[in-house]
Amino acid sequence: MKRFLYTFLKVWLFWLLFFAFFRAVFIVVNYGYADNTSLLTILASFGPGLRMDLSFSGYLMLLTAVIQVASLLIQRKFCSNCILWMHYILIPLFAGLLLGDINLFRYWGGHLNSEAVSFLGTPGIILNSIHWSEVLVFFVVLAGVCWGLIVLFRKFVVQKPFVAVFEWRLTAINAGVTLFLAALMIVPIRGSFGVAPINTGAAYFSNSLFANNAAVNPLWNLAYSMKRSGIEEGQYRFVSEDVAEEQFADLMQQSGEFEPLLNTRQPDIVVVLLEGFSAQAIESLGGAPITKNLEKLKKEGVFFDNIFATSFRSDYGMVGVMAGYPGIPGYSIMQYPDKSRKLSFIPQKLKNAGYNDLNFIYGGDMAFKNLKSLITLAGFDDVVDIDDFPVENRGQKWGVHDEFTFRKFASMIEESESPAFNFMFTLSSHEPFDVPMERVYENDYFNSVHYTDSCLGEFVDEMKEKNLWDNSLIVLIADHGVTGPEKLGYTDARRYRIPMLWTGGALAVRDTVINTYGSQADLAATLLSQLGIETGDFEFSKNILDKDTRGFAFMHYPDGFGLVSPNQFQVFDKSNFTPLVLDGARNEVDSLKAKIFMQRVATDFKERINNGKK
C-alpha cells in the first residue's frame, strides 16, 4: 500500500510538472503577445496556473485510483501495468493537444476550445490552412517530446511492478483506502472547499491578457468550453426580462430619419466580403499602408471608419453581414440549418422587393462550416464555388486565387438582370496566405491582403469598362479581424475593427467618412433602409445613418463577449461574467450595456430554437 501511495504521489507530481513544462513552452513560443508585460508578471502565471493544473490532474488521479480499486477487487493487487498503459495513451494525446494549442494561439490569440474542436470534422480545412512544413515539424517535435516524457515516466515514476497479492481482508482495506483517496480528488477538481467550483476566472490574476492566458490550463479550458457550449437555461440572465427589453430598446433606438446616400431606389447591389481584412492592414484605420486600392476608392464613396466584426471567424462574420445577427459565444448558428433557417436575410428581403438575380460566388469549398446551407437559406438563385473553376486556377491549399474569382464575378454581374444582388466572398487572405505573385511584403498576411486588394482594383476597373459601375452600389466589408502582426488578443477592441466602404455610381455622395460606431451586423438595417425596405425583422441590426442612433458594436469570442462605443469598452468572461475589461463606464447602466445586449441575443436565440420564432 505504501508503494502504491508513493507511486500515486509521483504520478500526480509528474502531471503537474508536465503542465508546467508546456506552460513554459507556451510562454516562449508566443512571447510576441506579451506586449511589454514584465517577465515577473508572466512568471507569476505559474501560481494561478497551478490551481487549474491541480484541477485537471485531479481528474486523472481520480481515474487512476478508480482503476486501481477495480484491479484490487478483480485480482487482489495493485496494477502497475494499468498505470503504464494509461499514460502511454494519455501522454501522447495530451502532448499533442498542448502543442496544437501552442501553435493555434499563434494564429488565433486564444486557447483550444469547442470552436477549435469543431474543425476536426473537416480535417482537410485544417491542413489547407497551414504549411506542410508546419505539419512535419509538429509531428517530429511531438514524437520527440512523447518519447522523452515516456522514458522519464518509466524511469522515475513507475520504476518497479506491483507484485504482491493480498489476502481478502487486506484487499478490502486497500480498496477502501484507495477509494477514499479517489474521493479526496474532489477537492483539487473543484479548486476549493467552497460552494462554487473553479472556473476560467481562476486564471485571471493580472491586467496582462498574455499572463492570464499563460495561466490557463488549455486541456481544462477545452473540457470546460465543450461542457458550456451553447446556452444553458438562465445562463445569460442578468436582469429581469422587462428591464432588459427596456434598456435594449434604449440602446437600439432609432428615429427613422437619415440622410439618403443613393441616387436611385433600386441599384444593382454588389457586396464583397473581404477575408480577414483587419484595421491592421488599412492605413485609414491606423494600420500599415497595404490596401492602396481600397484607400483610393474612399474618395469615390462613403467610408465607415468605426465598424467592428461580431466575432473572430468567417462563419460568424457571414451570418452577421448576411442576416444582421450577432450570434453567441461558442455557438456558430451557421452549422445548424434547423436554427439558421429561422433568420431573416438581406437577399430574401431584396427578392421580396423585386430584385431579380441573386448570385453568390466563393472560390473555396462550400462545405466549409456548412456554408452551403446558409447560402441556400438566404435565398440566392445561383451559387458558384471551387468546383466551377478549372484546377489550374487553384492555389496549393485553400481554393481559387482571388484574381480568377473576381473575373468570374464581373461576368456574373454583367449577365445579371437588373436590379440584381451579387455577393462575393474572397479567399486568398486566409491562412496559409498562398498568393500567385512575387512577394511584396515580408509578412505573409500583409502580402496576401495586398494581393487581394490589387485584384479588387482590377475588378473595379473592369466594372467601369463594362459600364456596370454607374447603376451599382458596391459594399466592401470584412468578415472578421485577425491577431495579425500586432498580436491582438480576444479582449483587444482593435482585434475586431474592420473596414466598410460603400462606393459605385449609385451613390449620390462622394469622399465622405461616417464616424458612427457600428457592427457588421448593422449592414442589414443600414442598407435596407436606404432602399426603403422595412427592417423590423433584423432586431439586432441598427441603421448607422439614423440621426438618433446610439453608436456601439457588440462582439463575442468563444469564452466571452463585449461592447465597444466611442467612450466605452467592456468585455466579460462568459463562465462567471468577470469583467476582463471595463473602461469608460460612468454608472451602473453603462457597465450593463454588453450584458443587456447579450441577454437579449440569448433570449432570442432560445426562442428561435424552442418556439420556432421567425
Side-chain angles (χ1 to χ4, degrees), residues 124-125 127-131 268-277 281 290-294 296-297 314 317-318 321 357-369 371-372 375 380-416 420-441 444-469 472 474-479 501 503-504:
I125 297 294
L127 294 176
N128 287 340
S129 299
I130 55 179
H131 293 286
D268 292 318
I269 300 172
V270 176
V271 176
V272 179
L273 188 63
L274 299 162
E275 168 63 53
F277 268 49
I290 308 299
T291 54
K292 295 179 181 178
N293 286 292
L294 190 147
K296 180 181 176 182
L297 286 170
S314 299
M318 181 67 75
V321 168
D357 285 343
L358 295 94
N359 306 309
F360 179 92
I361 185 170
Y362 174 53
D365 186 354
M366 293 292 289
F368 168 72
K369 290 292 181 180
L371 176 59
K372 188 172 184 178
I375 298 309
F380 284 99
D381 301 314
D382 190 20
V383 177
V384 173
D385 69 357
I386 189 173
D387 294 329
D388 297 298
F389 291 86
V391 175
E392 56 266 26
N393 290 168
R394 302 178 188 178
Q396 296 181 1
K397 290 282 188 177
W398 194 252
V400 179
H401 295 301
D402 283 344
E403 61 185 277
F404 303 109
T405 312
F406 267 116
R407 289 173 195 169
K408 194 173 188 69
F409 189 43
S411 298
M412 290 175 64
I413 295 169
E414 186 176 21
E415 296 168 4
S416 299
F421 178 69
N422 287 282
F423 192 109
M424 175 180 167
F425 184 18
T426 69
L427 176 146
S428 296
S429 46
H430 191 288
E431 298 99 341
F433 311 120
D434 171 30
V435 294
M437 70 171 193
E438 293 186 13
R439 181 172 291 276
V440 178
Y441 294 94
D444 287 343
Y445 167 69
F446 281 164
N447 201 59
S448 67
V449 170
H450 169 80
Y451 166 73
T452 296
D453 179 72
S454 66
C455 298
L456 173 64
E458 293 176 4
F459 167 73
V460 168
D461 290 341
E462 188 171 1
M463 289 281 289
K464 292 178 178 179
E465 289 170 6
K466 292 183 175 181
N467 297 318
L468 302 173
W469 179 266
S472 293
I474 300 174
V475 178
L476 307 174
I477 187 170
D479 59 342
L501 172 66
T503 187

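No hydrogens, no waters, no symmetry mates; every other heavy atom, side chains included, goes into these values.
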- Reported CD1-to-CE distance for the pair Ile413 and Met463, which is rounded to 0.5 angstrom: 4.5 Å
- Checking Asp402 side chain against Leu427 main chain: does a donor-acceptor pair fall under 3.5 Å? yes
- Separation between CH2 (Trp469) and NZ (Lys464), nearest 0.5 Å, reads 4.5 Å
- Item | Under 3.5 Å: donor-acceptor pair, side chain of Asn393, backbone of Val400 | no
- Message: Between Tyr451 and Phe433 (side chain of the first, backbone of the second, donor and acceptor by atom type, cut-off under 3.5 Å), is there such a pair?
- Response: no
- Query: Is a donor on one side and an acceptor on the other found under 3.5 Å between the side chain of Asp479 and the backbone of Leu273?
  - Reply: no
- Item | Qualifying residues under side chain to side chain donor-acceptor pair (under 3.5 Å), relative to Asp268, sequence neighbours excluded | Ser418, Asn471
- Task: Flag yes if more than 12 heavy atoms outside Lys292 fall under 6.0 Å of its NZ atom; otherwise flag no.
- Result: no
- Item | Side-chain heavy-atom pair Val460, Asn293 within 4.5 angstrom cut-off | no
- Query: At what distance, to the nearest 0.5 angstrom, does CD1 of Ile375 lie from NZ of Lys372?
  - Reply: 11.5 Å
- For the pair Thr503 (side chain) and Ile474 (backbone), establish whether a donor and an acceptor sit closer than 3.5 Å, ignoring hydrogens and angles. no
- Mind checking the CE-CD spacing from Met437 to Glu403? Nearest 0.5 Å is all I need. 10.5 Å
- Task: Could you give me the CA-CA distance, side-chain angles and deciding distance for His401 and Asp434, then say whether side-chain contact (heavy atoms from CB on, under 4.5 Å) is met?
- Result: CA-CA 8 Å; His401 295 301; Asp434 171 30; 3.9 Å; yes
- Ala410 and Leu468: which non-hydrogen atoms are nearest, and at how many Å? O-CD1, 3.9 Å
- Taking only residues two or more places apart in sequence or in another chain, which ones pass ring-ring contact (aromatic ring centres under 6.0 Å, His included) with Phe409? Phe459
- By salt bridge (charged side-chain N to carboxylate O under 4.0 Å, His left out), Asp381 pairs with (sequence neighbours left out) Lys351
- Can you list the steps and then say if Met318 with Phe425 is a side-chain contact (heavy atoms from CB on, under 4.5 Å)? CA-CA 9 Å; Met318 181 67 75; Phe425 184 18; 3.6 Å; yes
- Please test Ile477 against Val321 for side-chain contact (heavy atoms from CB on, under 4.5 Å), starting from the C-alpha separation and ending with a verdict. CA-CA 8 Å; Ile477 187 170; Val321 168; 4.2 Å; yes
- Message: Can you list everything that forms a side chain to side chain donor-acceptor pair (under 3.5 Å) with Thr426? Sequence neighbours excluded, please.
- Response: none
- Looking at residues at least two apart in the chain, or sitting in another chain, which of them share a salt bridge (charged side-chain N to carboxylate O under 4.0 Å, His left out) with Asp444? Arg439
- From Phe277 atom CZ to Asp453 atom CG, the distance as rounded to the nearest 0.5 Å: 5.5 Å
- dist Thr291:OG1 -> Leu274:CG (nearest 0.5 Å) comes out at 9.5 Å
- Item | Partner of Ile290 under side-chain contact (heavy atoms from CB on, under 4.5 Å), chosen from Asn447, Val449, Val440 | Val449
- Query: Should the ring pair Tyr441 and Phe446 be called parallel, tilted or perpendicular, given that the plane angle runs from 0 to 90° and is split at 30 and 60?
  - Reply: perpendicular
- Message: Using the rule given for side-chain contact (heavy atoms from CB on, under 4.5 Å), can you reason through Phe389 versus Val384, listing the C-alpha separation, both sets of side-chain angles and the distance that settles it, and then say yes or no?
- Response: CA-CA 9 Å; Phe389 291 86; Val384 173; 3.9 Å; yes
- Task: Give the minimum heavy-atom separation between Ser428 and Ser448, together with the two atoms involved.
- Result: O-CB, 3.5 Å
- Message: Can you list everything that forms a salt bridge (charged side-chain N to carboxylate O under 4.0 Å, His left out) with Lys466? Sequence neighbours excluded, please.
- Response: Glu414, Glu462
